[in-house]
Structure formats: C-alpha cells, structure tokens
Amino acid sequence: MYRRQFLGSAAAVGLLPGVGLARTAPQVLRAAPHRQQILPAEYPDTELWSFDATFPGRILRATQGDRVSIEVENQLPQATAVHWHGLRLDNAMDGVPGLTQAPIAPGDRFAYEFTLPDAGTYWYHSHAQSMEQVERGLYGPLIIDETEPPDVDQDLVLVLDDIRLERDGSVSGFDNFHDLSHAGRIGNLWLSNGQIDPGYPVKRGERLRLRLISAANARVFTLGLQGFEGWVVALDGMPLAAPEPLGEELTLAPAQRMDLIVDVTTDDEEAFLITFERDGGYAITHFPVGGPSRARRDAPSALPPNPEFPIDLANARTATLLVEGGAMGGMRAAEVDGERLVARELAGRGLFWALNGIAGRPETPLLDLSRGESVRVGMANDTAFPHAMHLHGMHFAEVLPDGSLGPLRDTILLNPQETREIAFQAHNPGNWLFHCHMLAHHQAGMGTWIRVSA
Ligand code: C2O
Ligand code: CU
C-alpha cells in the first residue's frame, strides 16, 4: 500500500520546538546559513538557510487578537524579507520587497509588528528570491490559537515539503531553465517537519488536530491518511462552516494549509500519512500507535468563525486573468516594463510566463479597488501546467458553477486548461501581490498585484 523512502532510514522522533510570541518583547528571528542532517546518517549533511538555526523554522505561536513584534535579522549572503502567509495584516508588514518594503540587506534588520485578526494555521517564509530561499529552508509554521481551541488530545503541526538534494547533501541548481519553464522545482525527497518519515506516537482512540502546511516549491501533494477517520475543519486557516468528512485523497497545493480533526481508529501498530506518487504511496509521516485512550464518538463542531467580510456578488466588479506561457504553451510574446518582447527575448531574461500578456510585476495594478468593494476575478489557465494562485492580504471564495460561494482560501489550484472564478471583498487597504506560488513560475514572470485604497 505504501513504502518507505529509504530502507532503514534513521528518522528522528520529535516535535518541532515552539515559541510563544509575547505581546511586548520583540522576538528576534535570525536568517542565516546552518547545517543539518537531512539525508540518512550515512550521507553528508546539508547546508541550509534557516530561521534561528532550525529547519523548518520554529513554530511561532500566538492567540487570536494578539499584537506581535518580530525583528528579522539578515545574516544571509542575499537580501531577504519575510512574508506572513495568509495573515490579513497591515500592508506595510506583508514582506514583499519592492511593493511593501525595501529588501533587508545582508547585515540589516527589519521590525515587523502586527495584530492577528484571525485564528488558524498559517506560515512564514522568505519572499525574496523565494524559489531559492524557501527551498534552502527559510520557512516555518505560524499558528494562531482560537481563544477557545477545540477539544483534542494532540495538536500536531506537519510542514510538508519536497526538497531536491544532490547525493552529496547539497541544495543547488537554481538557474535551471527547465524548472522555470515547466512545472517548477520538483524535489526528490519528501520531508515532514524537515525529516524523512518522522514518527509521532499516538494512542488508539485518541483525537488529534493535524495541521498540514505545504512548503513545497511546486509539487501538488495528493495525500492520504491510513489508520485515521475524521474531518477537514479548516482550509488556508479559515474554518469551514461545517466539518467535512475526510475523503480518500486530499489535495494540497504549494502554500495551502488544511486543518484536520482525526481519531486514531486503526488496530494496527502504525498509522500513516501517505503521499501518492505515480508509482504508489509513500509514507511521509508515520504514527506508532500505543494506547488505548478514551475514544470519542461525537463529531467535532465547526471551529469558531474568523471576522467576516461579506462578498456582494451581484454588485461586484469583474476582471479576468489569462495565464499563459511555459513549455508547450505557445506564448509568442509578452510585455515587460512596457516593452513588447518575443518568446526568445523573454527566455533570455529568464521569463516564461505572463498574466494578461504581461511578464513580471507590472507598474500598474491588475485592479484598483476602493475599500469595501467586491470583485470577481475569472482565471483561465491556458498552459500545460498547474498553478497555485495566491492573493496576499485577503481571503477569497471560489464562485462555484451553480453561483454559490465555496470556502474561503488564500491559494487556489488552477489545473492545466482549467477556468475558475474567485471573489472577495476588498476590505484590507494596501498593495497586495497576486501570484503563482509555484515559486519558479513567480520568478519567471507570473505575478501581478491589486491596489485597495483606504
Ligand atoms: Cu506565500 Cu507571495 O506568498
Ligand atoms: Cu504557476
């Protein structure tokens, strides 16, 4: 049914270290190179770039409504900036170099300070040269607790990634034109919390909250749980109106999150989180089962809703977004900084994708909205690859074929040749990036932005 990635791999058992974000004292988050054993012990270790010398970065944890200060210190050989993915925060704190702040130069610091309006599962990551910086390890979970969290025995954060490592343990090859023009940087090793198939002990009958976060550069995970029964309770941090029973497969695109509440129901000695690949399922995390523990029979209730910003579909402005480019895509030309370039010239600048005929972040926004206005954006993927479109600063809902609204999300998967429409209320003023979270695609041109005036 599934297999291990390495026979006899020495996967360490352990939880991610966490740190509570204090209301007053600023936390310092230091971005710097550090070495960690990723491959099994008989292979060399890996030089990563990480926050506070842990990979993934430690769990930053606070309670809904808190105000937090985090000072990022850059000890990397490149400029950086940190984005707090999925938070509906002040625009100036959004961490996008060239749009919301100047990049943090090597040796410099930047003080982020913001209020946390929403509870849920979020993450933080570098937003500078992110295809390289996120791949090298600059990411971590950001967990905002409800003031009254649901009743579970364990709250477990699983940050999933697929890293591409060489046999000597190194992370390299960031100027690969194949990655830029095809699916993106797909890895060769699945990691859960930075480890190959780590084990988290559970008890039979126990109820867990599993917070799945995809930090993958480009891979769309198809996941399965074996040994559990349960519900999906939140997507991209936002609670579902009603818990939804788990299906056979869960799709998790880059940057997406999924909160599950599951009961350990197996009679076996291990339960699994599996990634389904072309050649079968692989254990990405296993759970040694002990116990028994007190079992619950009741379904969980919905998580308390976050503040709502209703979408007025009937009076919404409309826009369209045409996604073009990539290998086998047939894009002939696109505009860059107001200049029209043919495909060969675009490739010469490392650009392979365009949104509405423009490659790279345009000078003028896709939409200029007033605060409180509703908008619908129809997106058409005229390429041979999937894209995970992410809007900063506000969550959107999908407008479903029957005209109803789907759950709130901040990242939506657009499969090849697919058309989808999203809608949101422009409630958060500022300049917000709207881009593909396949990080190679973003680097190679797939990003625009939206302005919301106060
Ligand atoms: Cu997760 Cu523009 O970012
Ligand atoms: Cu893309």
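Order of listing sets the numbers, starting from 1, for every ligand and every atom in it. Any value given below was found using the heavy atoms of this structure, including those in side chains, with hydrogens, waters and symmetry copies removed.
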Tell me which pairs pass salt bridge (Lys or Arg N to Asp or Glu O under 4.0 Å) where either residue lies in residues 85-104, with sequence neighbours left out.
Arg88-Asp118
Measure from NZ or CZ of Arg185 to the centre of the six-membered ring of Phe174 and say whether it is under 6.0 Å with the direction within 45° of the ring axis.
yes
Can Asp259 and Thr121 be said to form a side chain to side chain donor-acceptor pair (under 3.5 Å), step by step?
CA-CA 7 Å; Asp259 281 52; Thr121 301; 2.8 Å; yes
Under the salt bridge (charged side-chain N to carboxylate O under 4.0 Å, His left out) test, residues paired with Arg164 that sit two or more places apart
Asp179
Taking the side chain as everything from C-beta on, heavy atoms only, tell me whether Phe385 gets closer than 4.5 Å to His182.
yes
Whether Arg371 and Glu373 form a salt bridge (side-chain N of Lys/Arg under 4.0 Å from carboxylate O of Asp/Glu) is what I want to check.
no
By residue and atom, what protein N/O/S atoms are less than 2.8 Å from the Cu ion (ligand 2)?
His387 ND1, Cys436 SG, His441 ND1
Which atoms form the tightest heavy-atom contact between Leu433 and Thr448, and what is the distance?
CD1-O, 3.5 Å
Is the number of heavy atoms from other residues, nucleotides or ligands under 6.0 Å of Asp337 CG greater than 12?
no
Atom name of the N, O or S atom of His125 nearest to atom 1 (Cu) of ligand 1 is NE2
Report for atom 2 (Cu) of ligand 1, protein N, O or S closer than 2.8 Å, by chain and number, lists His127 NE2, His392 NE2, His435 NE2
Show the nearest heavy-atom pair for residues His83 and Gly86, with the distance to one decimal.
NE2-N, 4.5 Å
Could you tell me whether the side chains of Asn381 and Glu418 share a donor-acceptor contact shorter than 3.5 Å?
no
